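Here the structure is a predicted model, which means the values were calculated and not measured. Note on naming: letters A, B, ... go to the chains in the order of the sequence lines (proteins, then strands), and numbering restarts at 1 for each one.
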Amino acid sequence: MASVPSLAVSGGAAAAAIPVADARRLPPSSVAIADKVSSYSRSLQSVNKGGSESPLRPLDVEEAMGMLREGKTVQSAIYVPLLHQCAESGSHSAARAVHGHMVKTGTDADMFVDTSLVNVYMRCGACEDARRLFDEMPETNVVTWTALITGYTLNSQPELAVEVFVEMLEAGRYPSHFTLGGMLNSCSSLYNVELGKQVHGYTIKYGAESITSMGNSLCRLYAKAGNMESALRAFRRVPDKNLITWTTMISACAEDENYVELGLSLFLDMLMDGVMPNEFTLTSVMSLCGTRLDLNLGKQVQAFCFKIGCQTNIPVKNSTMYLYLRKGETEEAMRLFEEMDDVCIITWNAMISGYAGYAQIMDTAKDDLHARSRGFQALKIFRDLNRSAMKPDLFTFSSILSVCSYMMALEQGEQIHAQTIKTGFLSDVVVNSALVNMYNKCGSIEDATKAFVEMPIRTLVTWTSLISGYSQHGHPQQAIQLFEDMRFAGVRPNEITFVSVLSACSYAGLVNEAERYFDMMKHDYKIEPVVDHYGCMIDMFVRLGRLEDAFIKRTGFEPNEAIWSSLVAGCRSHGNMELAFYAADRLLELKPKGVETYVLLLNMYISKERWHDVAMVRKLMKQEDLGILRDRSWITIKDKVYFFRANDKTHDQCDDLYQLLENLLEKAKMIGYEPYQNVELSETEDDEKPASGSVKHHSERLAVALGLLETPPGATIRVTKNITMCRDCHSSIKLFSLLANREIIVRDSKRLHKFRDGRCSCGDFSALL
DNA sequence: GTCCATTAAT
């Protein structure tokens, strides 16, 4: 955050700028403040415990309005309840009306009322009005300054808050503990711990550290920046922990999965301490249950919510609903959603991202069919949202774009792109990165580039996303060029950027460049290479057939399942079976976790008729209890999605599809296609067994055939597949693209294959089954 | 009489 002045630098060391040393002018005794705060917190606790005494007198707005209407001479204090009400309803126009009235009655020069008005304007989002009033006030005090500072943070302009704070110090005013607390919150919003630490220092100097609200702000500051240990230290140092102290710490724990258990034990400590949780606390505890994926506990918390009567509170319902979604209990989540008569955009977002997130969980659990249907649900909810009165925000757009990426739903993605432009959300960095990612995953590098060029803001993630797009789409030179452009633009690459660049070099066989970038990463950017970086280097040598170079023992990393698999596949396709078997042995020592890895090995051993090894691999597969490899593909045509299994016979146009494939394979044979005798992917499901004598078709070939039949000539065909393509499908679809003169995109579990004119963007050196 | 801390979604 270059725009934020450091206290230590601005005004020649701010330590000197705050005239703390003058003992006669020290701010109010911190002890007195602490007393006041803790007595307030006690009465608050008594309210929460069901005590009858309310610490706040109800505001008599009616009475005040009546007096104003009658044109009575008013005391300035009469405006205060009115202003409170304006702030509560966030009504800017009401605030201006009251302000106008104040000018008429000549009350506008009262510092106290004006300060309240500054606060009210800020709460209505009218920063300019607040600042103008502040500048016109004949007299201001520390409270007025504080209202301005907290107001800017409230309106998402924490940089301005810091500027005003510095302005205040330069004007020789003393901050109060409210001011410092406000500053700590500005630092939290800026994620600027360094600045926050300096404010923390002043807090200690002023003896205000033991004030509860101060400790609360400190917890928040450190927790938000991910520094949980400092947050806990600050938490422990709060002598009078109140409801908010506990809630702050519990909610912080809910954001860091390593602290979930601690969060729960804090919740219990809080109850033991006799502090009654409120809806804020229970929302955070519910979100702890979500991170823990603990529905039983969640139900207990739900019961607690009923007990204290906050079960209809929107955040409480949102977090409960989200927990059910994360556990896959969509019916219950939907029921909660439908019975909510008051929703907010976060409700919709929780539904969309709940479905989207669960889709991804299902996907890794290899239940692709379920995953798809969750993806569709997410898209449907997004459509419902657009028909409702609510407006999507940046969370909505980034979630739904990730759903489109996953589903390869280019058309919906394009519509959402248009919507982000219309609503101005494209300027958000997360949204625009999600957009580049969407076009990449949908196989349209042209649109990704166009979106990138037109973007108002680019970040590390956007650049990296497009670099990786070029690399995956088989445009290594552009990837490398873009990487250089990125450095030229002054954006610092991270370890993921280097994976993309190295994989581009690997694709193009640019050994010298790869080694140069590898060194650049280590020396210029001080990024320690990890297994993925070594993997790119090894892939490069494998592609080039320099197998000995690929096997050279490198220090600093242990080859993983992916690397040994790639070596097995690479050595095999270069015909070096000795090395292939060696790599296979190393792979087996790792006890691989992926079904595909075993199928790769099975295929190799079967093709070399090493039956002993075949039996051994099958036995291992049983031991590891990995289940069978299910082969599934999807194609979207005009908003409708078609699903295929291997040798699927359930489709309406089944006969046409098989006929078309037969014709294409015949023609392909005439231009050099040789069927590649592959084993079945694994024990196939019973209904997937081909009729004896007929050709076996994996799911993607059937999906491609449907695309050829059902889309207009020249249209791109987009298919997604749940597992890695096999060699036979790869080589045949390559020729289909030439014979039918179509661009065919198949995104499998490992990468994107863009077939065009008989070639594939992967360069044929992907680890195929 | 004016300013004060906590919640759900990428």
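Applying the side chain to side chain donor-acceptor pair (under 3.5 Å) test to residues at least two apart or on different chains, the pairs with a partner in residues 216-226 of chain A are N185(A)-S217(A), H200(A)-Y222(A), N216(A)-T245(A).
Nearest nucleotide to the side chain of N278(A), out of dT6(B), dA8(B), dC3(B): dT6(B). Taking every side-chain heavy atom of H84(A) into account, dC3(B) is the closest of dC3(B), dT7(B), dA8(B). When the nucleotides dT2(B), dT10(B), dT7(B) are ranked by their closest atom to the side chain of S284(A), dT7(B) comes out on top. Among dA9(B), dT2(B), dC3(B), the nucleotide with an atom closest to any side-chain atom of D393(A) is dA9(B). Of the candidates dT10(B), dC3(B), dA8(B), dC3(B) carries the atom nearest the T150(A) side chain, counting heavy atoms from C-beta on. Considering only side-chain atoms of V143(A), the nucleotide from dA9(B), dA5(B), dC3(B) that sits closest is dC3(B). When distances run from any side-chain atom of S251(A) to the nucleotides dA5(B), dA9(B), dT7(B), the shortest one goes to dT7(B). Residue S213(A) has its side chain nearest to dA5(B) when only dA8(B), dA5(B), dT6(B) are considered.
For F280(A), the ring pair (Phe, Tyr, Trp, His ring centres under 6.0 Å) test picks out no residue, with sequence neighbours left out.
Atom pair M122(A):CE and dC4(B):P shows a separation of 12 Å (rounding to whole Å applied). In this structure, L323(A) places its CG atom 19 Å from P of dT7(B), rounding to the nearest Å. The interatomic distance linking M249(A) (CE) with dT7(B) (C1') rounds to 15 Å, in whole Å. Protein atom CD1 of I308(A) is 12 Å distant from nucleotide atom C1' of dT7(B), rounded to whole Å. The CG-C1' distance, from L288(A) to dT6(B), rounds to 14 Å in whole Å. Straight-line distance from the CG atom of N216(A) to the C1' atom of dT6(B): 8 Å, rounded to whole Å. Across the protein-nucleic acid pair, F235(A) atom CZ and dT6(B) atom P stand 15 Å apart, rounded to whole Å. Put simply, CZ on F337(A) is 19 Å from P on dA8(B), counting in whole angstrom units.
Under 4.0 angstrom from either OP1 or OP2 of dC3(B) there lies at least one side-chain N or O belonging to N119(A). Phosphate contact (OP1/OP2 of dA8(B), side-chain N/O of R326(A), threshold under 4.0 Å): absent. Taking 4.0 angstrom as the limit, Y322(A) places none of its side-chain polar atoms (N or O) nearer than this to OP1 or OP2 of dT7(B). For the OP1/OP2 pair of dC3(B) and a distance below 4.0 Å, the side-chain nitrogens and oxygens of R173(A) include no atom meeting the criterion.
Interface remark: the T115(A) side chain does form a donor-acceptor pair with the dT2(B) base, using a distance-only criterion of under 3.5 Å. Scanning atom types as modelled, no donor and acceptor separated by under 3.5 angstrom connect the side chain of N318(A) and the base of dA9(B). A donor and an acceptor atom sit less than 3.5 Å apart, one in the side chain of S398(A) and one in the base of dT10(B). Between the side chain of S399(A) and the base of dT10(B), no donor-acceptor pair of N or O atoms lies under 3.5 Å.
How far OG1 of T420(A) is from CG of L394(A): 11.5 Å, rounded to the nearest 0.5 Å.
Remark: D129(A) engages R96(A) in a salt bridge, criterion side-chain N to carboxylate O under 4.0 Å.
Stacking is found between F280(A) and the pyrimidine-like six-membered ring of the dT6(B) base under the 5.5 Å centre-distance and 30° plane-angle cut-offs.
No contact: D114(A) has no heavy atom under 4.0 Å from any strand. Within 4.0 Å of D428(A), counting heavy atoms only, lies no atom of the nucleic acid at all.
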Could you walk me through whether F382(A) and W348(A) pass the ring pair (Phe, Tyr, Trp, His ring centres under 6.0 Å) check? CA-CA 8 Å; F382(A) 180 70; W348(A) 288 95; 9.6 Å; no
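Geometrically, K441(A) does not engage Y406(A) in a cation-pi contact defined by less than 6.0 Å to the ring centre and at most 45° from the axis.
A 4.5 Å side-chain heavy-atom check between I496(A) and L460(A) finds every atom pair outside the cut-off.
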